Amino acid sequence: MATAPPSPSMASNANVLRRIDTKNPPNPLFLLPKCTSLRELEQIHSFAIKTHLQNYLSVVTKLINFCTQNPTMTSMAYAQKLFDKITEPDVVLYNTMARGYSRSNYPRQAIALFVLVLSSGLLPDDYTFTSVIKACASSKAFQEGKQLHCVAIKLGLDDNVYICPTLISMYTECNDVDAARQIFDKTSEPCVVLYNAIITGYTRSSRPNEALSLFRELQLRNLKPTDVTMLSVLSSCALLGALDLGKWIHECVKKFGIDKYIKVSTALIDMYAKCGSLEDAISVFENMQVRDTPAWSAMIIAYATHGQGHKAIAMFEEMRKAKVQPDEITFLGLLYACSHNGLVEEGWKYFSSMSDKYKILPGIKHYGCMVDLLGRAGRLDDAFKFIDELPIKPTPILWRTLLSACSSHGNVELGKKVIKRIFRLDDSHGGDYVILSNLCARVGRWEDVDFLRKLMKDRGVVKVPGCSSIEVNNVVHEFFSGDGVHSTATSLHQALDELMIELKMAGYEPDTSLVFHAEMEEKDKEITLRYHSEKLAIAYGLLNTPPGTTIRVVKNLRVCGDCHSAAKHISMIFDRQIILRDVQRFHHFKNGKCSCGDFW
DNA sequence: TTAGGGTTAG
């Protein structure tokens, strides 16, 4: 900050200082509103010293507060220097410092200050608690957070309007949303902020149904939702992939006039894209008056995940023309677009320009895109080398990406080499064993399949069960692979049996090589495949929606190859569009074809 | 018993 070039306002400040009548000086704090840099603050500080005002608590508090407007390492160091000069700080001064630290990269310092407050015999107030609890949240200091909660109870401050939502947010950040809920339930008359805190908590904890039911409760109590409410609720809809629900929320957004917020519009783009409606996402984007970096990025990601990589790239070029600076998220969308469309050259170009031209350091996710890009394109050895030579320690996810590529390109040897690298870091992920085992099964290496199965058993590893959901008449129905739990399961199974006959007549052949168990009879393999969660959800949609309706399904894992093939046939035979969201991307099935071009 | 912090949800 001190090296910043002199700005016009700085020059004028310097002039102001020069023209001052030192015999009859003004309060230097009058100069603060003009101050725009730490250097100017230093000048004002020296002037305060000159005029013997530097030891007044009010003056120092104001100066420190100014430093902490934008708390960086430099400004917090300066604030600390000012603070250290004061022999007897009062609670306001402590609060100002604590606020600064809680918003800086050193939140734990705020917790240390709280201890100082107590040891100096001062009584912490609502300001102290909000800052320090917030610091606990951002540094995930759960034990300290709980202790602060206790002290707040002792002082009768735990139901304070500012402290209460901060406590809720702290518990959520520390992964204890149920404790947050307990606080919430104790409140007799919750205000919107409190609802927002708990709704956000559920959303962040990936519990969208609870978030949405609290949103309905908020409306029943006639409380007016705010932009913050809508951001969380939209994010919950996106998690569920529930389009009708999302559209209803969009109506609420309009009704309460919250659509003017740029962040809300961006959340709408994200929601529509994640609920499978690219058209609605585009429409929100086109109606935006002002578009910032996150808005452009959301649209780029929307195109990329819906398999329209070239449009994503075109968006990026348009963004540049509009002189909006891309950030690391923008590049994530862009690289994602390249990898999912096999655009290796473009991918490398953008990856290099990221650091060269835009001075954005690639993160682990960007490297992940590059591994994916090389892997999908079949350049498996290059991808291996790429991970091995990274400047940062690779995560299991990075190796896992390569393992998937080995699987889709049928390279068992490299797959084995890769799984060893994964196991060095994490051997508890069931999916890894299954991918390699399926790969071995496909090429008939049953001894490897058995070995992997035994390894899984010995290590007590289980695979996350496949789960697909579909929203019909505002109800989200969930199906698990081989599901017998859903109330309509039996009739659904029968319907699937009949469906299979039709599909086979149209040329569909079940790909039983994907089934894990070697000793299974061919017939049983086929039955296992038939009741995959994707097929159950699609069949449910086929049976329970009018002809011609688009079937929208959300799956928790990657779509299985056989289900992908079945969905293509279903889209043709029944003349239905099927939009399937898997953990990676969207598949739009229409007239027997998929938007991913069988490339996923 | 003035000033100074003007808090919370994102």
Side-chain angles (χ1 to χ4, degrees), chain A residues 27-30 32-33 44 48 53-69 71 79 82-83 86 88-103 110 113-114 117 122-138 145 148-149 152 157-173 177 180-181 183-184 187 190-205 211 214-215 218 223-236 253 258 261-267 270 292 294:
Chain A
N27 185 328
L29 298 180
F30 289 133
L32 271 181
I44 295 166
L53 282 166
Q54 91 273 24
N55 289 329
Y56 280 76
L57 274 180
S58 61
V59 176
V60 179
T61 307
K62 191 111 185 143
L63 284 169
I64 289 180
N65 189 40
F66 203 86
C67 289
T68 61
Q69 293 299 325
L82 287 166
F83 178 79
I86 306 298
E88 273 186 56
D90 67 357
V91 75
V92 176
L93 189 56
Y94 274 114
N95 292 347
T96 310
M97 282 300 286
R99 178 169 178 263
Y101 276 125
S102 74
R103 294 163 59 210
L113 277 170
F114 186 81
V117 171
L122 289 165
L123 206 58
D125 64 8
D126 43 352
Y127 288 84
T128 331
F129 279 103
T130 47
S131 289
V132 183
I133 296 168
K134 214 175 174 173
C136 292
S138 57
L148 277 155
H149 186 186
L157 283 169
D158 58 315
D159 58 356
N160 173 281
V161 280
Y162 297 111
I163 297 173
C164 201
T166 318
L167 277 169
I168 288 181
S169 140
M170 182 276 293
Y171 278 109
T172 306
E173 285 293 307
V177 72
R181 180 62 191 248
I183 297 177
F184 177 80
T187 330
C191 63
V192 187
V193 176
L194 214 61
Y195 265 120
N196 287 348
I198 189 74
I199 288 175
T200 305
Y202 278 125
T203 306
R204 287 217 178 161
S205 316
L214 278 168
F215 175 64
L218 177 140
L223 286 167
K224 192 174 176 283
T226 69
D227 52 332
V228 179
T229 326
M230 296 331 262
L231 289 177
S232 293
V233 174
L234 284 169
S235 166
S236 272
V253 165
I258 303 170
Y261 293 95
I262 194 162
K263 278 190 179 170
V264 174
S265 295
T266 306
D270 181 66
D292 59 1

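Labels below follow one simple rule: chain letters A, B, ... track the order of the sequence lines, proteins then strands, and each chain is numbered from 1. Not measured: the values here are computed from a predicted model.
Here the nucleotide nearest the side chain of A/Arg99, chosen from B/dG10, B/dG6, B/dT7, is B/dG6. Nearest nucleotide to the A/Thr130 side chain, out of B/dT7, B/dG10, B/dG6: B/dT7. Checking B/dT7, B/dG10, B/dG6 against the side-chain heavy atoms of A/Asp227 singles out B/dG10 as nearest. Nearest nucleotide to the side chain of A/Asn65, out of B/dA9, B/dT7, B/dG6: B/dG6.
Here B/dG6 presents its P atom at 14 Å from CE of A/Met97, a figure rounded to the nearest Å. Here B/dA9 presents its P atom at 20 Å from NZ of A/Lys224, a figure rounded to the nearest Å. Here B/dG10 presents its P atom at 20 Å from CD1 of A/Ile262, a figure rounded to the nearest Å. In this structure, the CG atom of A/Leu93 is 16 Å from the P atom of B/dA3, given to the nearest Å. If you measure from atom CG of A/Leu218 to atom C1' of B/dA9, you get 12 Å, rounded to the nearest angstrom. Residue A/Glu173 contributes atom CD, which lies 14 Å from atom C1' of B/dT8 at whole-angstrom precision. At whole-Å resolution of the value, CZ in A/Phe66 and P in B/dA3 are 21 Å apart. When rounded to the nearest whole Å, the span between CE of A/Met170 and P of B/dT7 equals 21 Å.
With its ring centre under 5.5 Å from that of the base six-membered ring and a plane angle below 30°, A/Tyr127 counts as stacked on B/dT7.
Checked against a 6.0 Å centroid threshold, the rings of A/Tyr94 and A/Phe83 count as neighbours.
For A/Pro225, the side-chain contact (heavy atoms from CB on, under 4.5 Å) test picks out A/Phe215, A/Leu218, A/Thr229, A/Met230, A/Phe256, with sequence neighbours left out. Partners of A/Arg103 by side-chain contact (heavy atoms from CB on, under 4.5 Å), not counting sequence neighbours, listed by chain and number: A/Pro71, A/Arg99. When the ring pair (Phe, Tyr, Trp, His ring centres under 6.0 Å) test is applied to A/Tyr101, no partner is found at least two apart in sequence or on another chain. Evaluation of the side-chain contact (heavy atoms from CB on, under 4.5 Å) rule for A/Leu231 yields A/Lys263, A/Val264, A/Ala267 as partners, not counting sequence neighbours. Judged as a side-chain contact (heavy atoms from CB on, under 4.5 Å), and not counting sequence neighbours, the contacts of A/Ala197 are A/Pro165, A/Ile168.
For the strand DNA chain B, secondary-structure stems (runs of at least three Watson-Crick or G-U pairs, all distances below 3.5 Å) are absent.
Using modelled atom types, one finds no donor on one side chain facing an acceptor on the other under 3.5 Å when comparing A/Tyr171 with A/Arg181.
Nucleic acid contact for A/Lys134: sugar-phosphate only, since backbone atoms but no base atoms lie under 4.0 Å from a heavy atom of the residue.
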